[in-house]
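Structure first, commentary second.
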Amino acid sequence: MPKLNRKFFENNTLTVAKELLGKTLVFNNYQGIVTETEAYIGENDPACHAAKGRTKRTEVMYGKAGFSYVYLIYGMYYCFNIVTEQQDFPAAVLIRGVKLKSEQHLDGPGKLCKHLGITTEHNKIDLTKSIYFYIKDNNKNQTHNKSLNFIQTPRIGIKVGIEQLWRFKLVKP
DNA sequence: GAATAGATCCGC
DNA sequence: CGGATCTATTCA
């Protein structure tokens, strides 16, 4: 069950978002299967935080792939993303849903972060180096998503860029 | 400085 | 459908 490396995240963001489905997120003592993701890609994506260019907040997305991007939304919820693509290209995958070992399903980015305890303290962490915060391959799903069923829909909670089907969600076979 | 919109969630 | 609650960004 190898930890996902930089190369995995340096890929095309849509590919990474799809392939993250079924992978295992490790955060401290928690382990959970990723069930839902969304892609935010580049300055031409109006829903991406980097659409307005490089700022203090978005500079993580311009950095190396495999780093965490955590921010506070609506004054009360954190959202956890993983930076993708090459250096200087701003893109990330939002983790929207995780199923824990306890069969508990954390459905929604805010809920997920609240339950696991992810905050801006965990912003800009290298997930390929951290020993407590990373993604690993599942034994069962070594060969991509061949056996995994997922649907594509518009992204949730945004007013622009809704024409793109950049949300990926696992469904029961 | 002040105003406002925002990748959410919960309860009514 | 509105309120909670705070910050990054925009506007004056």
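Per chain, numbering begins at 1; letters A, B, ... match sequence-line order. Predicted, not measured: the structure shown is a model, and the values here were computed from it.
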Worksheet entry | Those residues that, when tested against A/Tyr40, pass ring pair (Phe, Tyr, Trp, His ring centres under 6.0 Å) (two or more places apart) |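 By the ring pair (Phe, Tyr, Trp, His ring centres under 6.0 Å) rule, A/Tyr40 matches no residue at all.
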Discussion item. If the test is side-chain hydrogen bond (donor to acceptor under 3.5 Å, both in side chains), which one of A/Gln87, A/Glu43, A/Glu85 qualifies with A/Tyr62?
Written reply: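 Considering A/Gln87, A/Glu43, A/Glu85, a side-chain hydrogen bond (donor to acceptor under 3.5 Å, both in side chains) with A/Tyr62 is found only for A/Glu43.
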Fill in: Remaining members of hydrophobic cluster (4.5 Å side-chain criterion), A/Val171
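Hydrophobic cluster check, A/Val171: joined to A/Ile151.
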Fill in: Residues that, via side-chain heavy atoms closer than 4.5 angstrom, fall in one hydrophobic cluster with A/Tyr134
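Grouped by the 4.5 Å side-chain rule, A/Val26 form the rest of the cluster around A/Tyr134.
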Discussion item. Quick test of your reading of the model: are A/Lys64 and A/Asp126 salt-bridged, counting only N-O distances below 4.0 Å?
Written reply: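 Between A/Asp126 and A/Lys64 there is no salt bridge, as every charged N stays at least 4.0 Å from the carboxylate O atoms.
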Fill in: 5' to 3' contact window, DNA chain B with chain A (heavy-atom distance under 4.0 Å)
B/dG6 to B/dC10
Worksheet item: For DNA chain B, which residues in residues 118-128 of chain A have a heavy atom at a distance below 4.0 Å?
Response: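 Those residues whose heavy atoms fall under 4.0 Å from DNA chain B, taken from residues 118-128 of chain A, amount to none.
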Fill in: Residue-level proximity of residues 73-93 of chain A to DNA chain C when a heavy atom falls under 4.0 Å
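Output list: A/Tyr74, A/Gly75, A/Met76.
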Worksheet, complete the sentence: Quick note, side-chain hydrogen bond (donor to acceptor under 3.5 Å, both in side chains) partners involving residues 108-120 of chain A, not counting sequence neighbours, are none
Item to complete: Name all pairs fulfilling the side-chain hydrogen bond (donor to acceptor under 3.5 Å, both in side chains) condition that reach into residues 68-80 of chain A, sequence neighbours left out, sorted by first residue then second.
Response: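 Found A/His49-A/Tyr69.
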Pairs of donor and acceptor atoms involving the side chains of residues 88-108 of chain A, under 3.5 Å and at least two apart or interchain, shall be tabulated with distances.
from: A/Asp88; atom 1: OD1; to: A/Arg54; atom 2: NH2; distance (Å): 3.1
from: A/Arg96; atom 1: NE; to: A/Glu36; atom 2: OE2; distance (Å): 2.9
from: A/His105; atom 1: NE2; to: A/Thr35; atom 2: OG1; distance (Å): 3.1

Response to the item:
For DNA chain C, the expected dot-bracket line (Watson-Crick or G-U under 3.5 Å, [ ] crossing, | inter-strand) is ||||.||||||.
Worksheet item: Excluding sequence neighbours, so at least two apart, what forms side-chain contact (heavy atoms from CB on, under 4.5 Å) with A/Ala65?
Response: A/Phe9, A/Glu10
Practice prompt. Identify whether any heavy atom of A/Ile158 sits under 4.0 Å from a base atom; if not, whether one sits that close to sugar-phosphate; answer base, sugar-phosphate or nothing.
Written response: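 If one applies the 4.0 Å heavy-atom cut-off, A/Ile158 turns out to touch the sugar-phosphate alone, with no base involved.
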Extract from the structure each pairing of a protein N or O with an N or O of nucleotides 8-12 of chain C at less than 3.5 Å, listing the distance.
from: C/dT9; atom 1: OP1; to: A/Thr55; atom 2: OG1; distance (Å): 2.3

